[in-house]
Amino acid sequence: MEKKIRKNMMTVSVIIALITYIACSLTLYWTMMISLDREIKSISVQIASYLADDKNALNSLSIFSESRITLINEDGTVFFDSIKDSATLENHLNRPEVVNAFKKGEGRSLRFSTSLDSQTYYYAVLLSDGIVLRIASETQSLNNIFLSGLIVTGTVMILLLITAVFFSKKLTQNIIRPINQIDFNDPLSNTTYPEIRPLLENFERHEKMRKEFSANVSHELKTPLTSISGYAEIMANGLVKEEDIPLFSQKIYDESRNLFHKIEDIIRISRLDESHLPAQLEDVNYRTVIESVLGHLDQQIQTKQIHVQTVLMNVTGKGIISVVEEILYNLIENAVKYNKDHGSISIKLYDDAQKIYIEIQDTGIGIAKEDLPRIYERFYRSDKSHSQKVEGSGLGLSIVKHGLALLNGEIHVESELGKGTTFRVIFKKKP
Ligand code: ADP
């Protein structure tokens with residue numbers, strides 16, 4: 001964290017120093033050029049009035065300024081230059097400032113001499129007698145201004161970076177201290193950072209669910225174990241008549257199988273909780289999976305004389321076969337378990353370009369409206385619909401939900417008490 005804060009502070013410091021440096025250099029250059037222009041212009045006014053009085057006083061023009069002063073005839077020939085011999089100078093009619101002076105009364109231009117690494121500012125004005133007066137002054141170029149500010153900016157930048165290192169350490173300590181002081185027995189009592197409240201709420205919710213799960217597991221396992229040990233104790237004390245022994249043994253057998261199923265479900269759900277989607281997914285043939293699940297449930301289907309109707313397209317997608325099997329087994333098993341004798345189940349399987357749709361519809365006991373939002377909770381079993389008479393752990397739909405979360409799938413349910421239930425599952429072809 002300290003590293004990240006330090007890096008961010010350093011980056012921000014460098015950016016601020018650079019922006020300040022560029023802004024200052026540009027402002028300096030801009031102000032310098034404006035004042036130079038103003039100065040040259042006022043000199044040109046003085047020279048113009050001086051020349052109006054005495055046209056021959058050319059040689060004393062240098063008293064007005066150290067800048068180069070040039071006078072140009074209408075045809076572009078130079079007839080006076082304060083620095084060079086006017087006879088050696090070429091025609092000036094093509095100089096932009098001169099062109100503009102003849103055209104508009106005044107003209108400016110800026111020329112950069114790479115050989116001298118200097119910049120000259122030219123100002124030209126048309127005088128009343130048709131000649132052009134040009135004043136040229138060397139100025140600092142923008143490059144020079146940038147370069148001259150480099151040492152100061154560099155020093156400021158180093159100072160800022162040192163400050164950033166120092167402050168990032170202090171800042172990190174100040175930010176981290178309240179986080180380390182969070183009381184995880186009562187996370188929401190922490191009020192220092194409202195920004196981390198969602199995280200703490202999440203933590204508290206998970207903690208509550210974990211505690212509830214442990215309490216539920218203990219309770220769910222204790223119930224069949226109490227029955228088993230109760231029956232066994234009665235038998236051990238010789239309180240059971242000879243002819244009742246098979247009945248009691250059967251009860252012990254049933255309860256231990258019930259216990260076994262619950263433990264299996266708990267292991268499954270814990271495994272799904274810890275699973276992550278593997279990088280390499282298997283090819284899942286959904287029709288094959290549904291047919292295999294129906295095969296496994298055949299005996300229960302026959303016992304209840306349930307009519308199963310399927311419309312299954314040959315659909316494949318990427319996934320984890322064992323997880324898809326687990327999801328569909330739990331849903332179809334519920335459709336059988338919570339069905340009425342002679343009831344029916346309809347299973348449809350189809351797809352589109354990206355998704356696979358499975359619809360499992362039964363004509364069973366249905367689920368009460370108020371129970372619907374809770375059926376995916378661990379150990380939740382609805383009793384409004386008399387489903388408690390059916391053997392189960394209340395973990396089946398929770399396994400379904402966890403499996404679908406792992407495969408990025410969805411589940412929707414519609415149900416009417418006494419009429420039946422429809423579960424719609426959507427798998428992604430490429431989760
Ligand atoms: P269980 O082991 O009790 O079947 P599940 O998690 O699979 O646990 O289901 C939770 C509850 O949802 C069940 O106890 C039952 O009340 C209800 N339920 C699930 N599927 C159906 C269904 N097809 N028809 C009626 N009720 C259902």
Side-chain angles (χ1 to χ4, degrees), residues 209 212-213 216-217 219-224 254-273 290 293-294 296-297 299-301 303-310 323-349 358-406 409-425:
M209 270 167 62
E212 262 175 29
F213 183 61
N216 280 332
V217 168
H219 174 77
E220 289 293 321
L221 298 186
K222 235 165 111 182
T223 315
D254 290 346
E255 287 298 344
S256 46
R257 280 202 57 77
N258 183 7
L259 189 64
F260 179 69
H261 285 314
K262 281 185 178 173
I263 291 173
E264 247 184 3
D265 278 354
I266 291 166
I267 292 172
R268 264 195 208 118
I269 210 159
S270 310
R271 224 180 21 211
L272 276 173
D273 254 352
I290 293 175
V293 169
L294 284 172
H296 281 110
L297 290 167
Q299 209 189 333
Q300 295 179 47
I301 294 170
T303 312
K304 289 186 96 168
Q305 298 190 13
I306 288 168
H307 172 68
V308 180
Q309 190 195 343
T310 55
V323 176
V324 175
E325 246 166 18
E326 217 142 37
I327 293 169
L328 295 176
Y329 184 90
N330 279 303
L331 290 172
I332 301 175
E333 189 198 27
N334 279 353
V336 177
K337 267 193 333 192
Y338 299 107
N339 218 318
K340 297 163 189 161
D341 287 349
H342 305 285
S344 64
I345 297 173
S346 142
I347 304 174
K348 284 184 196 143
L349 164 67
I358 300 173
E359 216 175 275
I360 301 162
Q361 189 173 17
D362 66 59
T363 56
I365 56 176
I367 306 166
K369 234 188 187 70
E370 58 269 35
D371 284 331
L372 279 178
R374 300 199 59 191
I375 52 172
Y376 302 105
E377 285 176 22
R378 291 166 178 185
F379 297 112
Y380 187 78
R381 305 203 70 210
S382 152
D383 51 4
K384 305 262 179 347
S385 49
H386 309 293
S387 64
Q388 297 286 29
K389 288 178 203 147
V390 180
E391 195 183 287
S393 63
L395 285 172
L397 287 181
S398 184
I399 292 174
V400 168
K401 192 94 184 176
H402 275 70
L404 282 168
L406 183 66
E410 291 169 39
I411 185 160
H412 307 279
V413 59
E414 265 170 42
S415 187
E416 201 175 323
L417 214 51
K419 288 219 165 138
T421 307
T422 306
F423 280 99
R424 285 190 185 83
V425 188

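Source: prediction; values computed, not measured. Read the numbers this way: they start at 1 and go in the same order the structure lists the ligands and their atoms.
The residue among Tyr376, Tyr380, Phe423 with a heavy atom at the shortest distance from atom 11 (C) of ligand 1 is Tyr380.
Of all the atoms in ligand 1, the ones that sit under 4.0 Å from a non-hydrogen atom of Arg381 are 1 (P), 3 (O), 14 (O). Near Leu395, meaning under 4.0 Å from one of its heavy atoms, ligand 1 places the atoms 6 (O), 8 (O).
Residues Ala368 and Leu417 approach most closely at N-CD1, 3.3 Å, considering heavy atoms.
At least one heavy atom of Thr421 sits less than 4.0 Å from an atom of ligand 1. Using a 4.0 Å heavy-atom cutoff, Lys337 is listed among the residues neighbouring ligand 1. For the ligand labelled ligand 1, residue Gly366 lies inside the 4.0 Å heavy-atom shell.
Counting heavy atoms under 4.0 Å from ligand 1, residue Leu331 does not touch it at all. The proximity of Asn334 to ligand 1, defined as any non-hydrogen pair under 4.0 Å, involves the side chain as well as the backbone.
Side chain of Asp362 to main chain of Gly420: no donor-acceptor pair is present (N/O by atom type, distance under 3.5 Å, no hydrogens or angles). Checked by atom type and distance alone, the side chain of Lys419 never pairs as donor or acceptor with a backbone atom of Gly366 at under 3.5 Å.
Heavy-atom contacts from other residues, nucleotides or ligands closer than 6.0 Å to NE2 of His412 number more than 12. Within 6.0 Å of the NZ atom in Lys304, the count of heavy atoms belonging to other residues, nucleotides or ligands exceeds 12.
When only interatomic distances are considered, the shortest N/O to N/O separation between Leu397 and ligand 1 falls below 3.5 Å. In terms of polar-atom proximity, defined here as any N/O pair under 3.5 Å, Ile367 makes no such contact with ligand 1. Close N/O approach between Ser398 and ligand 1 is not found [any backbone or side-chain N/O within under 3.5 Å].
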Test salt bridge (Lys or Arg N to Asp or Glu O under 4.0 Å) on Arg268 and Asp265; report intermediate values, then the result. CA-CA 5 Å; Arg268 264 195 208 118; Asp265 278 354; 3.1 Å; yes
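Defined by atom type and a distance below 3.5 Å, a donor-acceptor pair is missing between the side-chain atoms of Gln309 and His307.
The shortest side-chain heavy-atom distance between His402 and Arg378 falls under the 4.5 Å cut-off.
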